[in-house]
Amino acid sequence: MSADSPRFRAVLDQFVGYTPGRPPAPAAGRTFKLSANESPYDPLPSVRAAIASAASHVNRYPDNTAAELIDALATRLGVPAGHVAVGCGSVGLAQQLLEAVGEPGAEVIYAWRSFEAYPYLTDLANATSIRVPLRDFRHDLPAMAAAITDKTRLVFVCSPNNPTGTAVTSAELTAFLDRVPADCLVVIDEAYVQYVRDPQVPDGLRVYADRPNVAVLRTFSKAYGLAGLRVGYLVGHEPVAAAVRKTMLPFTVNSIAQAAAVASLAAESELLERVELVVKERDRVRHELLGQGWTVPPTEANFVWLPLRDRSAEFTEHCDEAGLSVRPYLPDGVRITIADAEANDRLLAAAASYRHRA
């Protein structure tokens with residue numbers, strides 16, 4: 001940087017920001033984006049109607065308190081309204097949490113590989129990342145507990161984990177939380193909770209109720225199909241929710257997003273029928289990939305993980321040639337979103353042809 005340029009924080013010189021899933025390359029016929037864990041389904045008619053109605057009032061600022069949405073969430077979840085905060089997706093809430101705890105010397109612990117926003121958001125919050133390697137594609141909670149020091153302010157537990165799809169069990173989480181100091185915040189990131197079918201995986205809302213240092217993150221982006229509107233929520237005890245509200249950029253959750261989220265809660269039974277279709281397709285895709293000879297960890301999310309290591313880039317290119325965009329995490333593996341049957345069949349054919357070629 002030249003002497004006559006504006007001065008910026010030194011961390012930006014090493015900073016690599018979040019990279020969204022790319023769209024598929026142009027190809028003959030239909031292409032499929034399997035790189036961003038989006039819902040393959042359009043919004044329900046009732047949700048589209050709410051969006052259209054709210055669009056008529058975008059000349060006005062949204063309700064900065066999101067009172068209607070928070071009341072709807074509190075009623076649906078059976079928690080006090082004072083325990084709920086909203087933000088620009090669950091990632092926006094993660095940023096708000098980190099801004100609330102981050103300062104020089106503060107440490108943030110998370111598994112790795114996990115949600116790729118954790119490192120750069122931690123850097124921006126002036127905190128230090130402590131990455132604890134996954135074990136068999138899963139959180140190593142005993143190792144994470146052992147990594148906690150008096151400098152640790154926050155621990156992310158991403159369950160189901162993005163990008164591997166694995167989830168922690170109730171017994172594992174309880175044993176972990178019993179080792180965490182009361183002044184260290186544990187954030188259970190449950191962006192994919194609606195896809196969980198393993199009864200051993202805990203519901204974070206039941207866990208948080210008796211633990212003041214536990215908070216839960218969820219989103220409307222995945223199962224509810226509102227990725228383009230960016231609305232998520234946190235459930236935590238009043239001191240946690242209050243801190244998150246203080247760090248929210250004003251009017252972050254726009255009026256259309258609020259209206260769509262409220263309408264989605266009202267239409268939840270219809271939306272969850274779609275989730276069940278995705279779960280069935282997820283199980284089918286994993287079963288067939290295993291049958292082809294691939295290593296595919298158990299997944300409780302709307303995606304599968306292929307730990308391809310040094311073949312990740314090559315497999316991604318192979319899929320691209322087949323009109324499929326998948327998400328490489330070099331040098332570890334490739335994450336593939338479960339979509340509709342046609343897209344999934346294309347993926348299975350591409351996977352089979354790659355193995356045959358290899």
D340 side, atom CG; L277 side, atom CG - distance, nearest 0.5 Å: 10.5 Å
If the condition is salt bridge (Lys or Arg N to Asp or Glu O under 4.0 Å), which residues does R60 pass it with, not counting sequence neighbours? none
All salt bridge (Lys or Arg N to Asp or Glu O under 4.0 Å) counterparts of E68, not counting sequence neighbours: none
Salt-bridged, R311 to E314, with N to O below 4.0 Å? no
Can you tell me which residue pairs pass the ring pair (Phe, Tyr, Trp, His ring centres under 6.0 Å) test with a partner in residues 214-239, sequence neighbours excluded? H83-H237, Y208-H237, F220-Y224, F220-Y233
Residue pairs fulfilling ring pair (Phe, Tyr, Trp, His ring centres under 6.0 Å) with at least one residue in residues 332-352, sequence neighbours excluded: none
Using the side chain to side chain donor-acceptor pair (under 3.5 Å) criterion, which residues pair with N302? Sequence neighbours excluded. none
Check: R282 side chain, Y195 main-chain N or O, donor-acceptor pair, under 3.5 Å: yes
For R245, give me all partners under salt bridge (Lys or Arg N to Asp or Glu O under 4.0 Å), at least two apart in sequence or on another chain. E238
For D189 and V157, indicate whether the former's side chain and the latter's backbone hold a donor-acceptor pair under 3.5 Å. no
Looking at residues at least two apart in the chain, or sitting in another chain, which of them share a side chain to side chain donor-acceptor pair (under 3.5 Å) with T149? E107
Does the side chain of Y329 come under 3.5 Å of the side chain of R335 through a donor N or O and an acceptor N or O? yes
Side chain to side chain donor-acceptor pair (under 3.5 Å) partners of T337, counting only residues at least two apart: N37
Given 3.5 Å as the limit, does a donor-acceptor pair link the side chain of R197 with the main chain of Q194, or not? yes
Set of residues satisfying salt bridge (Lys or Arg N to Asp or Glu O under 4.0 Å) with respect to R230, sequence neighbours excluded: none
Donor-acceptor under 3.5 Å (R9 side chain, L124 main chain): yes
Sub-3.5 Å donor-acceptor pair from the side chain of R355 to the main-chain atoms of Q292, do we have one? yes
Test item: side-chain donor near acceptor, S129 and Y118, under 3.5 Å: no
Identified side chain to side chain contact (heavy atoms under 4.5 Å, CB included) partner of L134 from the options D332, T166, N161: N161
Side chain to side chain contact (heavy atoms under 4.5 Å, CB included) evaluation trace for E268 with V275: CA-CA 10 Å; E268 192 171 53; V275 170; over 6 Å; no
Is the shortest heavy-atom distance from the side chain of F32 to the side chain of P40 under 4.5 Å? no
If you look only at pairs with a residue in residues 133-142, which of them pass as a side-chain hydrogen bond (donor to acceptor under 3.5 Å, both in side chains), with sequence neighbours excluded? R138-E172
Exercise: identify the closest heavy-atom pair between V278 and I338: O-CG2, 3.7 Å
Between E288 (side chain only) and D345 (backbone N and O only), is there a donor and an acceptor less than 3.5 Å apart? no
For the side chain of R327 and the backbone of A36, is there at least one donor-acceptor N/O pair under 3.5 Å apart? no
Quick one: side chains of residues 255-263, donor-acceptor pairs under 3.5 Å with protein atoms, not counting sequence neighbours, listed by atom name and distance.
{"from": "Q258", "atom 1": "NE2", "to": "D63", "atom 2": "O", "distance (Å)": "3.0"}
{"from": "Q258", "atom 1": "NE2", "to": "V253", "atom 2": "O", "distance (Å)": "2.9"}

With a 3.5 Å distance limit and no angle check, can you tell me whether N213 reaches the backbone of P181 through a side-chain donor-acceptor pair? yes
Of all heavy-atom pairs linking A106 and V101, the shortest is CB-O, 3.9 Å
Please give me the minimum heavy-atom distance between V84 and I70, naming the atom from each residue. O-CD1, 3.8 Å
Determine, stepwise, if the pair V304 / W294 fulfils side chain to side chain contact (heavy atoms under 4.5 Å, CB included). CA-CA 11 Å; V304 294; W294 296 90; over 6 Å; no
Contact list for residues 166-190, test ring pair (Phe, Tyr, Trp, His ring centres under 6.0 Å), sequence neighbours left out: none
CG of N344 to CZ of R346: how many Å apart, nearest 0.5 Å? 11.5 Å
Can you see which heavy atom on C88 is nearest to which on T252, and at what distance? CB-CG2, 3.2 Å
Do you know which two heavy atoms are closest between Y192 and K222, and how far apart they sit? OH-CE, 3.5 Å
Could you report the tightest heavy-atom contact between S159 and V201, atom names first, then the distance? OG-CG1, 4.4 Å
